[in-house]
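Keep in mind that this is a model prediction, so the values were computed, not measured.
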Amino acid sequence: MSLTVRTTLCDIRDDLHALRRMVAARGHIETIQAIDALIGVAEAEAVQAIRRIDQLA
C-alpha cells in the first residue's frame, strides 16, 4: 500500500481526535458523542481498507 494512503488515513484520524478535543473543551456532550461515533466508523473503515489493499499487493 502506498505510504500516502496510510498517511492520509492517519491524518484524518488525528484531525477527528483534534476536533473532539476542541468540542470537549467547549462542553458539547452530544457533539462529542457524534464525533466518537465518527471516529469509530473511520477507524474501522480504515482498518478494512488497509487489509484489502494489503491483500492486493
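Sequence neighbours left out, the pairs with a member in residues 16-39 that pass salt bridge (Lys or Arg N to Asp or Glu O under 4.0 Å) are Arg20-Asp36.
Hydrophobic clustering, defined by side-chain heavy atoms of Ile, Leu, Val, Met, Phe, Trp and Tyr closer than 4.5 Å, groups Val23 together with Ile12, Leu16, Leu19, Met22, Ile29, Ile32, Ile35, Ile39. Residue Val47 is found outside any hydrophobic cluster, as its side-chain heavy atoms come under 4.5 Å of no other Ile, Leu, Val, Met, Phe, Trp or Tyr.
Residues meeting the side-chain hydrogen bond (donor to acceptor under 3.5 Å, both in side chains) test with Asp15, sequence neighbours left out: none.
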